[in-house]
There are 2 protein chains.
Amino acid sequence: MDEMDEKDAQLREAAERLALTLSESGMQKATARVMTALLFSRHETMTAADLCQELQISTGAVSGAVKQLIPTGIVERAPAPGSRRDHYRFREHAWATLMGKQNALLDSMWDAASEGLKVVGKDSAPGRRLDEMQHFYGFMQREMAALIDKWLEQYEAGQD
Amino acid sequence: MDEMDEKDAQLREAAERLALTLSESGMQKATARVMTALLFSRHETMTAADLCQELQISTGAVSGAVKQLIPTGIVERAPAPGSRRDHYRFREHAWATLMGKQNALLDSMWDAASEGLKVVGKDSAPGRRLDEMQHFYGFMQREMAALIDKWLEQYEAGQD
DNA sequence: AACAGGATTCAGAGAATTTTGAAGCCTCTG
DNA sequence: CAGAGGCTTCAAAATTCTCTGAATCCTGTT
């Protein structure tokens, strides 16, 4: 029965492909690989040792990746009675959390525009550009937050 | 009258700060600096030489940055009758365009989830995670596109 | 309280990405 | 159609980022 093995290989491959995409958009490679390994894993949770083995990276790399992943809310430590090892798990609603965090960038953009407008006033060339920018990011900030809530609601409702 | 100079300095500083933020979220540093220089510039347009001087980078770096910025729709070549140099300009509605492009990432996420679900089925551990993921990104794809349209409409209306 | 298993840290090696600078190319101009 | 100006390209240099692996720290067990 190596049909299972083949499926596992496909799963791991899909995980690696996504990790590559994510690292191309700025995420650290080891971090992305740990994240997708947990996402595509057959297991409910994985230990640092599991991750080392599966990804062929050092314990230090795993530790660093986890350190980034936990505060962003994508991964969490799972209780594992009777085990001294930490068990990690992909967190439920991680995507909503992740997108919410990205809104911090929207804030930065708004702030930057605002900063510029303190100096120049809307009737100048940079003023016009910054005014549009501020308008855009102000709008996005508000609407994105609402959108995430809307998704959560909708998803929870669908789960019944 | 060095009040002007001081304001210029503040403007450039704000530009550099934003460039730094952007480079921290994955954009190439020179690219980010060119972009913010154009955004915060007092001038309507800038030439490659202007950018070299202001940012203290090589012509090659400017050329490379522009090469990235133009296809993404953030910057455009501006007609400049009587000048042999190319003039670059921050594009109107660049933000909406930019965010639209980022939706390509949402597509990738949806695809990755879909890929995994082809292998495992929703009743497994990875299946449940991937199902939520697919649901989330499918939702976001649709709603984000709508949101950008809504902003454009609203902004155009406000301009009258 | 000493030990053992495991997580974390961090300096240094190594890899990958960026930038430079100069050569080459293209396009206007006279 | 020769020359000048300016843009692009690209190999090499520089910088930056990332990973490793060993030392250290922490925590629960005997």
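Residue numbers start from 1 in every chain, and the chains themselves are labelled A, B, ... in the order their sequence lines are given, proteins ahead of strands.
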Got more than 12 heavy atoms from elsewhere within 6.0 Å of NZ, A:Lys101? yes
Taking B:Glu115 first and then A:Arg17, would you say they form a salt bridge - that is, a charged N and a carboxylate O separated by under 4.0 Å? yes
Any Lys/Arg nitrogen of A:Lys150 or B:Glu143 sitting under 4.0 Å from an Asp/Glu carboxylate oxygen of the other? yes
Is the ring pair A:Trp151/B:Phe136 parallel, tilted or perpendicular, if the boundaries are 30 and 60 degrees? perpendicular
Measure the distance from CD on A:Gln28 to P on C:dA16 and round it to the nearest whole Å. 14 Å
Show me the protein contacts with nucleotides 7-14 of chain C, counting only N or O atoms at under 3.5 Å.
from  : atom 1 : to      : atom 2 : distance (Å)
C:dA7 : OP1    : A:Asp86 : N      : 2.9
C:dT8 : OP1    : A:Arg77 : NH2    : 2.8
C:dT8 : OP2    : A:Ser63 : OG     : 3.3
C:dT9 : OP2    : A:Lys67 : NZ     : 3.1

Nearest-nucleotide wise, let me know which of A:Lys29 and B:Ala30 is further upstream toward the 5' end of DNA chain C. A:Lys29
Roughly how many Å is it from CD in B:Gln56 to P in C:dT18, rounded to a whole number? 21 Å
Separation of B:Met27 atom CE from C:dT17 atom P, in whole Å? 17 Å
What is the distance from CG of B:Leu69 to P of D:dC7, rounded to the nearest Å? 16 Å
Atom CE of B:Met46 and atom P of D:dG6 are separated, to the nearest Å, by 16 Å
Protein-nucleotide distance (B:Ile57, atom CD1; D:dT15, atom C1'), rounded to Å: 15 Å
Under 4.0 Å between a side-chain nitrogen and a carboxylate oxygen: does that hold for B:Glu44 and B:Arg89? no
From CG of A:Leu51 over to P of D:dT20, roughly how many Å is that when rounded to an integer? 13 Å
Is the closest side-chain heavy-atom distance between B:Phe139 and A:Leu147 below 4.5 Å? yes
Take the protein atom CD of A:Gln68 and the nucleotide atom C1' of D:dT18, then report the distance between them rounded to whole Å. 11 Å
